[in-house]
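Accompanying notes for the structure given below.
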Amino acid sequence: MSSQYLAFLEELSDVSWIAYDTEFISEGRYQPDLCLVQVATAKGLYLIDALRIEDLSEFWRLLCRDSVLPIAHSCRSELEFCFRSISRIPSRMFDVQLAAAFVGLGYPLNFKSLVQEVVNIDIPKTETRSDWTRRPLLTSQLDYAIEDVIYLREIADVLGERLNKRKRQDWFEEEMRSYCQEMESSFSDGQWHKLVGKRNLSSNELAIVRELWRWRRQRAITRNCTPNRILRDDVIIELARRGSWDPNRIAVVRSLNSTATSTLVQQLSECIKRAVSLDDAEKPHDEQHSSYPQYAMATQFLNVLMAQYCQHRGVAPKLCFTAEELRKAIASHEGLLPENEISRLNQGWRREFIGDYLKKILEGRYVMQFSNDLEHNPLRLVEHAMSSKTIEKESKPQS
């Protein structure tokens with residue numbers, strides 16, 4: 001560990017905030033290769049050459065101190081590098097991209113646009129395709145890298161003031177915690193359940209999916225390549241549906257291009273046998289989530305109303321809701337949502353922000369009209385005095 005790096009850590013030992021960013025190469029890799037870390041604090045600006053100093057664990061531990069507020073833009077990659085190094089992430093964060101979503105600036109907003117919008121500075125983005133593994137780095141690369149952190153604290157301060165003015169600081173902090181929890185979960189090996197095509201599989205088949213996914217993940221990490229180069233998602237699902245560890249049955253699956261005696265097929269066979277041999281209590285059970293296709297038209301209608309509501313009140317629609325959450329909210333209103341499920345629109349800050357409005361719409365307490373502003377705010381809802389049953393009766397076509 002270099003003396004400069006040790007001096008850097010010592011200098012930052014008592015700081016209260018750290019703005020940071022990373023430059024990395026991810027193409028063709030399972031995990032991106034960290035090349036550079038840019039840091040801004042009240043004490044100065046710093047660049048850490050991650051190719052020269054491979055062990056950055058002490059820096060990540062510094063970020064995770066309760067006394068330090070890390071500041072970043074779109075912090076997923078930054079959190080991933082931290083988790084990979086010390087198996088944890090900061091307990092609190094200030095992601096300026098996420099904060100911008102609560103004060104009417106849109107989401108997700110790229111850094112160049114955010115800097116222009118908040119501090120009125122036009123930063124060049126000339127090195128977006130740079131090869132950050134090459135040394136020495138050019139002066140233009142170093143300038144580009146440091147500009148990614150030099151304005152972060154000022155932006156965070158401005159957005160923090162706007163959040164407080166709108167009384168949305170609690171909303172932002174709640175969403176920031178939820179985001180970090182989701183990220184930490186995604187960095188572990190529990191993401192096998194998000195594999196496309198696993199719906200309606202038996203517990204036996206799900207156990208095979210999980211075992212093959214874990215085997216593939218470990219090989220992808222070892223080789224540092226994309227998982228699909230090891231074994232495609234659809235092949236995992238196909239092997240799970242077959243449920244056989246017979247090498248001859250595995251070898252005939254299209255795209256494996258291997259013989260029954262090959263190392264690959266033998267390893268897959270061992271995975272499947274291991275999964276099938278588990279006790280029933282150890283096998284996963286799929287939670288049956290319905291997509292509620294019967295609400296497709298109602299969801300389209302709600303999507304327009306909700307987006308307009310959010311935009312008019314300065315909260316980014318993409319952050320507030322998804323089509324899936326709208327369908328779940330409708331199903332909840334209709335009494336069809338299972339007890340173990342709940343729409344995010346009926347929880348936390350979303351419920352506070354949009355819950356009453358959504359409830360009134362679903363109860364049929366509004367009449368829709370076109371407004372005078374068809375370009376920006378086309379729909380106008382007027383609360384109706386009649387009950388929802390009366391409105392429903394009057395809306396039916398006459399024979």
Side-chain angles (χ1 to χ4, degrees), residues 1-25 31-99 111 114-115 118-119 121 123-124 127 130 132-161 173 176 180 183-184 187:
M1 192 175 295
S2 73
S3 59
Q4 282 183 309
Y5 180 59
L6 290 173
F8 158 78
L9 292 173
E10 178 64 26
E11 189 170 349
L12 268 61
S13 61
D14 60 348
V15 298
S16 59
W17 60 271
I18 297 177
Y20 75 113
D21 190 40
T22 58
E23 302 296 346
F24 53 88
I25 301 294
Q31 294 176 325
D33 291 337
L34 180 61
C35 302
L36 193 70
V37 181
Q38 307 98 283
V39 175
T41 75
K43 296 189 176 184
L45 303 170
Y46 312 83
L47 292 174
I48 306 173
D49 188 346
L51 299 185
R52 182 181 174 188
I53 305 172
E54 295 183 3
D55 183 7
L56 296 180
S57 57
E58 289 304 314
F59 171 70
W60 300 123
R61 289 191 182 95
L62 175 62
L63 275 177
C64 290
R65 291 181 184 175
D66 292 338
S67 59
V68 173
L69 175 64
I71 305 171
H73 171 269
S74 186
C75 63
R76 187 190 194 286
S77 296
E78 286 66 45
L79 293 176
E80 181 177 3
F81 289 124
C82 183
F83 186 84
R84 276 169 49 184
S85 178
I86 61 173
S87 299
R88 60 174 296 204
I89 61 175
S91 59
R92 60 185 185 131
M93 281 284 302
F94 195 108
D95 188 317
V96 294
Q97 186 183 69
L98 194 62
F111 190 62
L114 187 56
V115 173
V118 177
V119 297
I121 294 175
I123 60 172
E127 301 293 338
S130 275
W132 295 99
T133 63
R134 300 190 63 167
R135 295 294 184 273
L137 293 170
L138 302 176
T139 301
S140 59
Q141 291 176 297
L142 299 176
D143 290 342
Y144 169 89
I146 209 66
E147 281 191 321
D148 279 347
V149 295
I150 197 171
Y151 305 112
L152 278 174
R153 178 56 197 258
E154 184 178 356
I155 293 172
D157 286 344
V158 172
L159 295 180
E161 290 177 4
E173 291 178 358
M176 192 76 255
C180 288
M183 288 302 100
E184 189 164 12
F187 302 148

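Computed over heavy atoms, backbone and side chain alike; hydrogens, waters and symmetry mates excluded. Only a predicted model underlies this, so the values are computations on that prediction, with no experimental measurement involved.
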Exercise. Under a 4.5 Å cut-off applied to non-hydrogen side-chain atoms, are F111 and Q97 in contact?
Worked result: no
For this session: Would you name the heavy atoms of W132 and A145 that are closest together and state the gap between them?
Result: CH2-CB, 4.3 Å
Exercise. With F94, which residues qualify under ring pair (Phe, Tyr, Trp, His ring centres under 6.0 Å), at least two apart?
Worked result: F172
Exercise. Does a donor on one side chain and an acceptor on the other come within less than 3.5 Å for S140 and E127?
Worked result: yes
Seminar exercise, completed: ring pair (Phe, Tyr, Trp, His ring centres under 6.0 Å) filter on Y151, not counting sequence neighbours, yields none
Seminar exercise, completed: Correct closest heavy-atom pair for P32 and E80 would be CD-OE2, 4.0 Å
Exercise. Minimum heavy-atom separation for P124 to E147, with atom names?
Worked result: CD-OE1, 3.4 Å
For this session: Using only heavy-atom distances, determine whether the side chains of E58 and Y5 contain a donor-acceptor pair under 3.5 Å.
Result: no
Exercise. Crowded around R52 CZ? As in, over 12 foreign heavy atoms under 6.0 Å?
Worked result: no
Exercise. Given D49 and L47, is the side chain to side chain contact (heavy atoms under 4.5 Å, CB included) satisfied, shown in steps?
Worked result: CA-CA 6 Å; D49 188 346; L47 292 174; over 6 Å; no
Exercise. Should the heavy atoms of other residues, nucleotides or ligands under 6.0 Å from CG of D14 be counted, would the total exceed 12?
Worked result: yes
Seminar exercise, completed: Between F81 and the options I89, L56, L34, the side chain to side chain contact (heavy atoms under 4.5 Å, CB included) test singles out L34
Problem set entry | side chain to side chain contact (heavy atoms under 4.5 Å, CB included) assessment of F187 paired with R84 | CA-CA 8 Å; F187 302 148; R84 276 169 49 184; over 6 Å; no
Exercise. Are L45 and V39 side-chain neighbours, meaning at least one heavy-atom pair lies under 4.5 Å?
Worked result: no
Exercise. Distance from F59 atom CZ to I48 atom CD1, nearest 0.5 Å?
Worked result: 5.0 Å
For this session: Could you list the residues that satisfy salt bridge (Lys or Arg N to Asp or Glu O under 4.0 Å) with R92, not counting sequence neighbours?
Result: none
